[in-house]
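Structure first, then comments.
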Amino acid sequence: MGFYFRKSINLGLFRINISKSGIGISFGIKGCRISVDPKGKTTLNAGKGGLHYTKTLKKSSNKKK
């Protein structure tokens with residue numbers, strides 16, 4: 001099992017997410033959020049109870065050549 005570091009700071013509708021790979025931000029209310037991770041990937045997350053939906057809206061633009 002691997003260990004990881006993650007810390008979230010709530011600022012009302014915004015949340016700043018700090019992890020080993022960098023700083024990300026998410027916006028929304030409980031049950032529906034749009035997130036941008038440190039690599040630039042944008043994701044929509046929605047759900048309540050045991051049913052959740054995740055959709056990648058924009059993949060990161062960092063492409064290895």
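Hydrogens, waters and symmetry mates play no part in the numbers below; they use all other heavy atoms, side chains included.
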*To the nearest 0.5 Å, what is the distance between CZ (R15) and CD1 (I9)?*
11.5 Å
*For L11, does the CG atom sit with more than 12 other heavy atoms under 6.0 Å from it, leaving out its own atoms?*
yes
*Look at the side-chain heavy atoms of Ile, Leu, Val, Met, Phe, Trp and Tyr, link any pair under 4.5 Å apart, and say whether F14 and V36 land in one connected group.*
yes
Identify each donor-acceptor pair in which a side-chain atom of residues 21-34 lies under 3.5 Å from a protein atom, sequence neighbours left out, and give them as a table.
from : atom 1 : to  : atom 2 : distance (Å)
S21  : OG     : S19 : OG     : 3.1
S26  : OG     : R33 : NH1    : 3.4

*Quick one: list whatever passes side-chain hydrogen bond (donor to acceptor under 3.5 Å, both in side chains) with D37, sequence neighbours left out.*
none
*asked:* List the residues meeting side-chain hydrogen bond (donor to acceptor under 3.5 Å, both in side chains) with T56, not counting sequence neighbours, and say none if there are none.
replied: none
_If you compare all heavy atoms of G47 against all heavy atoms of H52, which two are closest, and at what distance to 0.1 Å?_
CA-ND1, 3.6 Å
